[in-house]
> 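Here it is, the structure in full.
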Amino acid sequence: MITGEQKPFEEIWNMVKDFKKVLVFGCNTCVAICHAGGSKEAEILASLLRMRAAQEGAAIEINHAAVERHCEPEFFQPGMDNVRTYDLILSTACGVGVNLLSEHIGDIPVFPAINTEFFGAVPRSGEFTELCAGCGNCILHLTGGICPIARCSKSLLNGPCGGTNNGSCEVSPDIKCAWVQIYDRLKQLNRLDLMNEIVDAKDWSKAQGPRNFKVKLLEEIKK
Amino acid sequence: MEHVKGLLAKVGIDPERLEMFNLSAAMGPRWAEMCNEFTEKIRGLGPSPIWLATYRLKRNIKE
Amino acid sequence: MSFREILDSGKFTVTAEIGPPKGTDIKEMYHHIEVLKGKIDVANVTDNQSAVMRISSLAVCKIVLDNGMEPILQMTCRDRNRIGLQADLLGASVLGIHNVLCLTGDHVHAGDHKQAKSVYDVESVQLLKIVEGMNIGRDMSGNEMKGATDFYAGAVVTPEANPLEPQLVKFEKKVKAGAKFFQTQAIYDMEKFKNFMAYARKFPVKMLAGIVVLKSAGMANFMNKNVPGITVPQELIEELKAAGKEKALDTGIDIAARHIRQLNDEKICDGVHIMAIGMEDKVPMIMERAGLR
């Protein structure tokens, strides 16, 4: 899922303070799980903004709404008539949602209320961790299911660097050295031979945007 | 509670204005006591910035 | 004799680090070059060491060369992508710089531009492969180049990495990728290093032991705690403590000289790489006490 955290309140306030009618627009999928941008968080944010506006003497009408997803138009299209009555949409969806809504809304600005971070797992409730970087060319079968692109601070492909430190990364003791984990996992799988081959430089062209693809099967059916 | 107090502080409202008390339905006298205490505390803190702002707006008073 | 020829001749080789400064005032660096000239065999020029921005390694290598010493160009993969790295390799080659040390490079987190975007388009093993290809006249994409390079390529290894096994797997990959010489992370435990060398001697590479002078017991404790892959044995820390504040540095120099002498006398490795870190002045003294030159 996509993870994100709400921007600092001051930054958000500075974005909205000069508008007259603002909709805090939540997304109830990924960012709701992060407690950052679901309908509940959109409602709280709208309320905080109203309190701030009252104290600043700013006459802004601030409401909230939410839909299940901002990354597919069919979810937000039905309510667009209402959405278009505002002069600013403060989106608490991820960056994908902000882009897509912006594309569909017409001449109304859509601003981000959260910082979108990565797509990650939820090992424990309220805890998020990056396991895949979406690089477009998966090698997990060679690395024991542990991704060095996402989980090694230097995205190394041929083993640990000199900064590996008792199982931790030179960047922080809180980061595990991905290559020590890969080594241990391959040992467990009795596949250490996989580490002996030199892995050539990566084709980063597949990791760089703008990226898009179409499902061939659906294309063929349409024809 | 801590979280909500934090949110209030962020928008310039004294977190002291919010409190939660736990008590059972059988504790009427204690309930009254708490209400009185809290009312006194809030009186002591004076009008909230939101109330003041709304009041000024209604009366069209400039600071 | 070139660096390669010196190592091949079997002579105990001494390289020392030159750290380019931050800024255009290079008087002190010139002084270091003067002090080291004629004493050491090769000057090893660091590349934005510890991810701290400084004069480029390539420019300083050229200065070293113009001042009569042979340089080793350190090259990290942190700040340049494959295009930049290859361009700088060609540049070095036409400037007469023919030794390159291929490193992945400390993370920007360690340096003074923590908000920088790290590159790591390729890493040390792949950089060695790039050099190998350029030496036969091909760039990384397989394009034929007009004129090949002639690099003597090296890499680094941490003999006391913890855990050690994955580090050794990488060491062997570096050998396979064309590294001809290695310099190690600072070593202090001669017995452990001998064990490592018993293993490393199986490979057709030259090994330069990393020497970092201990300035005090405090520095030793700091490194034990904070620098991955460095372990200063307790008896050396005691020796520095016993020397007292005044004499600690002198004792540190003694320790370094003693280690170098042992490495040389017992033919444990092929030479040393002295990382003076601001004490380049002291390198001739270390060498003298080690019985070299």
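Per chain, numbering begins at 1; letters A, B, ... match sequence-line order.
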> Would you say C:F222 has more than 12 foreign heavy atoms packed within less than 6.0 Å of its CZ?
no
> From A:C161 SG over to C:Y120 OH, what is the distance, rounded to the nearest 0.5 angstrom?
7.5 Å
> Is atom CD1 of C:I83 surrounded by more than 12 heavy atoms (other residues, nucleotides or ligands) closer than 6.0 Å?
no
> Any idea which of C:D121, C:V227, C:L127, C:I130 has the most non-hydrogen atom pairs under 4.5 angstrom with chain A?
C:D121
> Give, as side chain, backbone, both or neither, the part of C:Q167 having an atom under 4.5 angstrom from any heavy atom of chain A.
both
> Under a 4.5 Å heavy-atom cutoff, which of C:V125, C:N226, C:L103, C:T158 has the most pairs with chain A?
C:V125
> Looking at C:V157, C:V108, C:T104, which one has more heavy-atom pairs under 4.5 Å with chain A than the rest?
C:T104
> Considering only heavy atoms, which portion of C:K129 lies under 4.5 Å from any heavy atom of chain A: side chain, backbone, both, or neither?
side chain
> I'd like to know which of C:M140, C:E165, C:K174, C:E172 tops the heavy-atom pair count under 4.5 Å against chain A.
C:E165
> Measure distances from C:S118 to the heavy atoms of chain A and classify the residue's part below 4.5 Å as side chain, backbone, both or neither.
neither
> Looking at C:D47 and C:R80, is any side-chain nitrogen of the basic one under 4.0 Å from a carboxylate oxygen of the acidic one?
yes
> Check each of C:L7, C:N44, C:V272 against C:L208 using the side chain to side chain contact (heavy atoms under 4.5 Å, CB included) test, and report the only one that passes.
C:L7
> Non-hydrogen atoms of chain A under 4.5 Å away: do they reach the side chain of C:R82, the backbone, both or neither?
side chain
> Please state whether the side chain, the backbone, both or neither of C:N81 comes within less than 4.5 Å of a heavy atom of chain A.
neither
> Quick check on the interface: out of A:N165, A:N158, A:V180, A:T164, who has the most heavy-atom pairs with chain C under 4.5 Å?
A:N158
> Under 4.0 Å between a side-chain nitrogen and a carboxylate oxygen: does that hold for C:E191 and C:K194?
yes
> Sort C:A110 into side chain, backbone, both or neither according to what part of it lies under 4.5 angstrom from a heavy atom of chain A.
neither
> Select, from A:C169, A:C177, A:P160, the one with the greatest count of heavy-atom pairs under 4.5 Å involving chain C.
A:P160
> Kindly determine whether C:R201 and C:D270 satisfy salt bridge (charged side-chain N to carboxylate O under 4.0 Å, His left out), including the steps that lead there.
CA-CA 10 Å; C:R201 280 293 187 218; C:D270 306 291; 3.2 Å; yes
> Tell me if the aromatic rings of A:F76 and A:F25 count as close, with their centers under 6.0 Å from one another.
no
> Relative to chain C, which segment of A:I182 carries a heavy atom at a distance below 4.5 Å: side chain, backbone, both, or neither?
neither
> Could you report the tightest heavy-atom contact between A:L194 and A:H141, atom names first, then the distance?
CD1-O, 3.9 Å
